[in-house]
Amino acid sequence: MEHQGRHALVTGGGTGIGLDIARALAAAGAEVTISGRDLARLEAVAAEVSGLHPLRMDVADEASVRGGIAAAAEARGPVSICIANAGIAEGAPFREETLAHWRQVMTINLDGAFLTFQAALGTLGRGDWGRMIAISSIAGLVGLKNAIAYTASKHGMIGLIHGLSEDYMGGRVTFNAVCPGYVDTAIAAQNIASISARQGISETEARAHLARGNRHKTLLQTDEVTGAVMWLCSDAARGVNGQSIQIAGGQVA
Ligand code: NAP
């Protein structure tokens, strides 16, 4: 029960990677606020797992993030573990990219992480312990074909982590990014459907195609991301700060 008595926030905590992290933090004793736009789904998940608390919060909306995190902190205390995980991964080739779509991806993935960290840090007192973790991607380290906005937003999240680790250097709060390759979640399912449609291949072939995007040619499972996050949240990782941890079956960058 390493995190007993701590309040954690996982944005996008009702599905996929975020939900797996939220479950692990709750199992380690934390009270975990899980946020997203789909309150019914969050409530259904929280009804099944003790220690999870649903919060409707749209990371693309400043008032929603500031108000939501303030209310969660009021209910459960300062947000000492904050996982900026909410994101979308819709791609488009550069020549077809529109400013509206670019802005949507940047607003959710990058502005959302900025607002989340700023509001969460605002709940901590001077000298408090904390762990701020961004779920970036291998697209935060190398270019991903046909996903220009996603690539830029995920690179931006790593820049945010680098900057924050410098701003708060010497304190008890660390800032790190986790960079998964292709993980078997709803985002992967979306990717598989679009590869299948674009290339005229079966879903099984499209799944194998996506898996080949990982260095070990296997789709990752959510627990592999959770394991890295839990280590970064541990006391043993207190000296790990400003890092980007690759989980992609091999070296990407
Ligand atoms: P997912 O199940 O689709 O999770 C995305 C989550 O983000 C959902 O819970 C969604 O909740 C939330 N979200 C999206 N837009 C939001 C908004 N405007 N405000 C608040 N919440 C929002 O897919 P996932 O694979 O677990 O993705 C989680 C993170 O991992 C993403 O940042 C993604 O880029 C990153 N990642 C995924 C992979 C992969 O291959 N799966 C690889 C590398 C990185 P609501 O719909 O309720 O809002």
Side-chain angles (χ1 to χ4, degrees), residues 8-13 15-22 24-25 59 81-91 105-106 108-114 116-117 120 130-166 173-192 209-234 236-237 239-253:
L9 166 70
V10 184
T11 67
T15 63
I17 294 170
L19 175 56
D20 201 63
I21 294 169
L25 287 167
V59 296
I81 296 175
C82 178
I83 316 294
N85 164 76
I88 55 168
E90 297 153 6
V105 174
M106 297 299 275
I108 295 174
N109 293 2
L110 184 54
D111 298 4
F114 158 72
T116 300
F117 286 142
R131 296 286 188 264
M132 303 283 140
I133 298 173
I135 306 301
S136 177
S137 162
I138 52 169
L141 300 164
V142 294
L144 207 62
K145 197 172 163 65
N146 293 334
I148 192 72
Y150 186 70
T151 298
S153 72
K154 292 295 180 179
H155 272 68
M157 288 175 89
I158 291 178
L160 182 62
I161 287 298
H162 286 162
L164 281 167
S165 68
E166 292 298 327
V173 184
T174 62
F175 301 85
N176 291 288
V178 173
C179 302
Y182 297 97
V183 187
D184 202 357
T185 68
I187 283 184
Q190 241 175 47
N191 265 322
I192 288 166
H209 177 91
L210 196 66
R212 285 196 292 277
N214 286 336
R215 296 298 311 279
H216 59 346
K217 313 216 178 314
T218 307
L219 275 186
L220 294 155
Q221 298 303 314
T222 53
D223 67 297
E224 300 176 76
V225 181
T226 297
V229 167
M230 294 306 285
W231 170 66
L232 287 170
C233 288
S234 74
V240 180
N241 195 13
Q243 301 301 305
S244 309
I245 314 286
Q246 300 175 33
I247 307 168
Q251 188 180 1
V252 173

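The structure displayed is predicted, hence computed values, not measured ones. Here, residue 1 is the first one in the sequence, and each next residue gets the next number.
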* To do: Could you tell me which non-hydrogen atom of Met106 sits nearest to which non-hydrogen atom of Ala149, and how far apart they are?
  => SD-O, 3.9 Å
* **Lys154 side, atom NZ; Met157 side, atom CE - distance, nearest 0.5 Å** => 4.5 Å
Atom pairs and distances, side-chain donor-acceptor, residues 242-253, under 3.5 Å, sequence neighbours left out:
| residue | atom | partner | partner atom | Å |
| --- | --- | --- | --- | --- |
| Gln243 | NE2 | Asn241 | O | 3.2 |
| Gln246 | OE1 | Val252 | N | 2.7 |
| Gln246 | NE2 | Ala253 | O | 3.2 |
| Gln251 | NE2 | Ala253 | O | 3.2 |

* What pairs of residues pass the salt bridge (charged side-chain N to carboxylate O under 4.0 Å, His left out) test when at least one of them lies in residues 243-253, not counting sequence neighbours? -> none
* **Distance, nearest 0.5 Å, that separates CD1 of Ile138 from SG of Cys179** => 9.0 Å
* Asked: Could you state the interatomic distance from OG1 (Thr116) to CG (Leu160), rounded to the nearest 0.5 Å?
  -> 10.0 Å
* Asked: Partners of Ser234 by side-chain contact (heavy atoms from CB on, under 4.5 Å), sequence neighbours excluded?
  -> Glu2, Trp231, Ala236, Ala237
* For Gly140 against Ile158, the heavy-atom pair lying closest together -> O-CD1, 3.3 Å
* Pairs satisfying side chain to side chain donor-acceptor pair (under 3.5 Å), at least one member in residues 180-189, at least two apart -> Asp184-Arg207
* Asked: Quick one: NE2 on His155 to CG on Leu141, what's the gap to the nearest 0.5 Å?
  -> 6.5 Å
* Structure fact -> Sorted by chain and residue number, the side-chain contact (heavy atoms from CB on, under 4.5 Å) partners of Ile148 (sequence neighbours excluded) come out as Phe94, Glu97, Trp102
* Could you tell me whether a side-chain N or O of Thr11 sits under 3.5 Å from a main-chain N or O of Asn85, the two making a donor and an acceptor? => yes
* Locate the shortest heavy-atom distance separating Phe117 from Ala134; write the atom from each residue and the value. => CZ-N, 3.9 Å
* **side-chain contact (heavy atoms from CB on, under 4.5 Å) involving Ile133 - partner list, sequence neighbours excluded** => Ile83, Ile135, Val178, Val229, Leu232, Cys233
* **Partner set under ring-ring contact (aromatic ring centres under 6.0 Å, His included) for Phe175, not counting sequence neighbours** => Tyr168
* Just by modelled atom types, is the Val240 backbone N or O under 3.5 Å from a matching donor or acceptor in the Asn176 side chain? -> yes
* Residue pairs involving residues 142-151 (criterion side chain to side chain donor-acceptor pair (under 3.5 Å); sequence neighbours excluded) -> none
* Asp223: side-chain contact (heavy atoms from CB on, under 4.5 Å) partners, not counting sequence neighbours -> Asp20, Gln221
* Structure fact -> So CD of Glu90 and CD1 of Ile187: to nearest 0.5 Å the spacing works out to 9.0 Å
* Structure fact -> In this structure, OG of Ser137 is separated from CG of Leu144 (nearest 0.5 Å) by 6.5 Å
* Asked: Does Thr174 reach the main-chain N or O of Arg131 with its side chain, forming a donor-acceptor pair under 3.5 Å?
  -> no
* For Gly181 and Leu220, work out which heavy atoms get closest and say how close. => N-CD1, 3.5 Å
* Structure fact -> For Ser153, the side-chain hydrogen bond (donor to acceptor under 3.5 Å, both in side chains) test, sequence neighbours excluded, returns Asn109
* Verify, without hydrogens or angle tests, whether Thr218 (side chain) and His216 (backbone) share a donor-acceptor contact under 3.5 angstrom. => yes
